[in-house]
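See below for the structure under consideration.
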Amino acid sequence: MIKVDTIGSSQQGSPTRLVMHAGREGRDSLQLCGHLAYGQWPLVVTPGAVQSCPALAARQTGQTQPEEPIMDKVSVSDVRRAEAVGRQVRLQGWVRTRRDSKGGFSFIELNDGSCQGNVQIVAPGELPNYEAVVKHLHTGASVVVDGEVKASPAKGQATEVHATNVELLGDSPAEAYPLQKKGHTFEFLRTIAHLRPRTNTFGAVARVRHRVSKSIHDFFHEQGFFYVHTPIITASDCEGAGALFRVSTLDPEAPPKVDGKVDFAHDFFHKPAYLTVSGQLQGEAFACALGKIYTFGPTFRAENSNTPRHLAEFWMIEPEMAFFDLTDNMALAESFLKRIISDALRDCAEDMKFFAERVDKEVFTRLENVLSNPFLRVSYTEAVDILLKSGKTWEYPVAWGNDLQSEHERFLTEQHFKSPVILYDYPRTLKPFYMRVNDDGKTVRAMDVLVPGVGEIIGGSQREERLDILEGRMREQGLHPEAYNWYLDLRRYGTVPHAGFGLGLERTILFLTGMANIRDVIPFPRTPGSAEF
RNA sequence: UCCGCGAUAGCUCAACGGUAGAGCAGCCGGCUGUUAACCGGCGGGUUCCUAGUUCGAAUCUAGGUCGCGGAGCCA
């Protein structure tokens, strides 16, 4: 008997590298390390498992390996490939559906989340538990299946697994399990957010979301950026953007008071504290030291927004670059978005095909259009001219100095240009203090990237690096420069031109997948009045 | 927060002041290398809550709750 300590393995589908410490007693351990093709290694083990291991015993004693059934623990994704034919495998997953044949056997559609598709298990009537277990497998039940991968004689799949063993791990009573073998509305699935990842759509969303997250890290790493973890709790109540969630350990029933007001000097941080609405200011500090950085983390807005595009808790990516001007910033934003799209199309082909067929027929057209065309650069002033000359009647009036509304942005990107558009140089009165003032004195170096279908997906700017002008802008907006002392230090000591932007992860996933509601592209959405699960 | 729409079987919906139904799924049976399988049968309801109008309310009225869409705020 051998106690397995650790196992390392390479990517599935390629030769497997196993590192195994197998101690017979105490410190008498053996590390095996080598590149072994599938089929050579008859182990189905997990760390901590105690089991007999003839192959390892053979290695230790120099004997040849015994002949016995060879089982590789593999994913559904692996066995659906034609190359898997002939392999003996162990699969673990959840039953999607079962179809019985009076020929005396059953088909089981098995999914383990590794990919969009299921693998068809052929379970013969000869299995000892066929009548008792297999014929009562319900949607949602968890099973272990051993068997041989064979080419499928019927249409619909390249391979199927002929089971030699089917073990039920956890039943899923059909009369109670909410997920049925039929389409459900996203609205209903939101009420069972803990089960919805088991559906086609939400599995696909989760895999695309993972791929996008990885693309973000890959892209920035390759470009020489450093990932900086900016704080989630902030004690500066003056970040400007949006309503804040308060963080406090005071007793809400009886907070300490001074002069009738809550005395935050007795609170955990000795002052009022909040959940972050942006890591940008801290990001600037690190950009002004490391050159190019990005943040990627959760962000919180306490706004009472009830729309398919807003969450109270969402994930945001905020790159910040020293020695970048607005032009550099736009170029980065464009290549960044294009990279995310092309990675997803290449590496999530099956899931993207699902979205195109079942969620949004336009998704490929839209993404390919974005990939193959340069993003247009249009100044705010030009955009206002276009809107004024469009002959359209607007619910909100268009005039230089007015903020652009959803209807204006949608017109520009969806009807007028039919392409992603970067709008830049907005009136200074519309934008926050940290954006760099242009020589005209009227506009600031802001940019918004608008995409068809979603609207604003990126907002950014070149930052104001001149101390006196920055302080003036703060006062202009009713802020106290003293409260931003550390931020102003970045301009007092070795100030540099720099720029950055923010990208909403969930809005990016909406854009990529064609999903319509932001609550359906985050695992457990938090919205006003709703923090279930 | 404002405007609009909605809430009926596990799910999706119908019933438009007069006995609450269908499809799907579930259960049972039949049939089949099946694949959103198909065919037959069966069970399944506090019509969101509270109050009101009425001989009678799923239906009309008022208030509330929750959900969805549009707008604002923004990513």
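Note that the coordinates shown come from a computational prediction; the quantities given were computed from them, not determined experimentally. Residue numbers start from 1 in every chain, and the chains themselves are labelled A, B, ... in the order their sequence lines are given, proteins ahead of strands.
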When rounded to whole Å, the CD to C1' distance for the pair Gln180(A) and G23(B) reads 12 Å
Atom NZ of Lys431(A) and atom P of C73(B) are separated, to the nearest Å, by 11 Å
Describe, in one word, how the ring planes of Phe296(A) and Trp315(A) are oriented to each other, choosing from parallel (under 30°), tilted (30 to 60°) and perpendicular (over 60°). perpendicular
### Pairwise C1' distance, G72(B) and G56(B) [rounded to whole Å]
46 Å
Expected list for residues 396-419 of chain A near RNA chain B, using heavy atoms below 4.0 Å, is Tyr396(A), Gln405(A), Ser406(A)
Polar pairs (N or O, both sides) under 3.5 Å between protein and nucleotides 36-47 of chain B?
residue: A37(B); atom: OP1; partner: Lys181(A); partner atom: NZ; Å: 3.2

Rounded to the nearest 0.5 angstrom, the OH-OG1 distance for Tyr274(A) and Thr234(A) is 9.5 Å
Residues pairing under side-chain hydrogen bond (donor to acceptor under 3.5 Å, both in side chains) where one sits in residues 184-193 of chain A, two or more places apart or in two chains, turn out to be Arg190(A)-Asp520(A)
Can the ring centres of Phe105(A) and Tyr130(A) be said to be less than 6.0 Å apart?
no
Of C73(B), A75(B), U35(B), the nucleotide closest to the side chain of Ala154(A) is U35(B)
Asp520(A) CG to G67(B) P, in whole Å, measures 14 Å
For the residue pair Phe225(A) and Phe220(A), categorise the inter-ring angle as parallel (less than 30°), tilted (30 to 60°) or perpendicular (more than 60°). tilted
Nearest-nucleotide check on RNA chain B, Ser152(A) vs Asn304(A); residue mapping nearer the 5' end is Asn304(A)
Arg309(A) CZ to A71(B) C1', in whole Å, measures 9 Å
Between Leu311(A) and Phe107(A), the residue closer to the 5' end of RNA chain B by nearest nucleotide is Phe107(A)
Rounded to whole Å, the CZ-P distance (Arg301(A) to A75(B)) equals 5 Å
Ring center gap for Tyr487(A) and Tyr434(A) short of 6.0 angstrom = no
Rounding to 0.5 Å, atoms CG (Leu423(A)) and CD (Glu382(A)) come to a distance of 9.5 Å
Hits for side-chain hydrogen bond (donor to acceptor under 3.5 Å, both in side chains) against Tyr380(A), two or more places apart or cross-chain, chain-then-number order -> none
From the candidates A25(B), C68(B), C27(B), the one with an atom nearest any side-chain atom of Ala174(A) is C27(B)
**Prompt:** Does Phe314(A) stack onto the base of A75(B), taking stacking as ring centres under 5.5 Å apart and planes under 30° apart?
**Reply:** yes
* Is the centre of the His408(A) ring less than 6.0 Å from the centre of the Tyr396(A) ring? -> no
Stems with RNA chain B, 3 or more Watson-Crick or G-U pairs in a row (under 3.5 Å), are B:1-7 with B:65-71, B:10-13 with B:21-24, B:26-30 with B:38-42, B:48-52 with B:60-64
Subject >> G64(B) to C28(B) separation - P atoms, rounded to the nearest Å >> reply: 48 Å
Taking the side chain as C-beta and beyond, is there a heavy-atom pair between Trp394(A) and Gln405(A) under 4.5 Å?
no
Picking from U35(B), C68(B), U12(B), the nucleotide nearest the side-chain atoms of Thr185(A) would be U12(B)
(Q) Using the P atom as the point on both nucleotides, what is the distance between A37(B) and C24(B), in whole Å? (A) 13 Å
Closest of G72(B), U35(B), C68(B) to the Asn517(A) side chain is C68(B)
ask   = Taking the six-membered ring for Trp, are Phe336(A) and Phe219(A) parallel (under 30°), tilted (30 to 60°) or perpendicular (over 60°)?
value = tilted
field: Distance test, side-chain N/O of His310(A) to OP1/OP2 of G69(B), below 4.0 Å
entry: no
By side-chain hydrogen bond (donor to acceptor under 3.5 Å, both in side chains), Glu318(A) pairs with (sequence neighbours left out) Ser278(A)
Whole-Å distance, Arg98(A) CZ to A25(B) C1', equals 14 Å
(request) Using the C1' atoms only, state how far A57(B) lies from G17(B), rounded to an integer number of Å. (result) 7 Å
Atom CZ of Phe188(A) and atom P of G67(B) are separated, to the nearest Å, by 16 Å
- For A14(B) versus G21(B), give the span between their C1' atoms, rounded off to a whole number of Å. 7 Å
Rounded to whole Å, CD1 of Ile216(A) lies from P of A75(B) at a distance of 16 Å
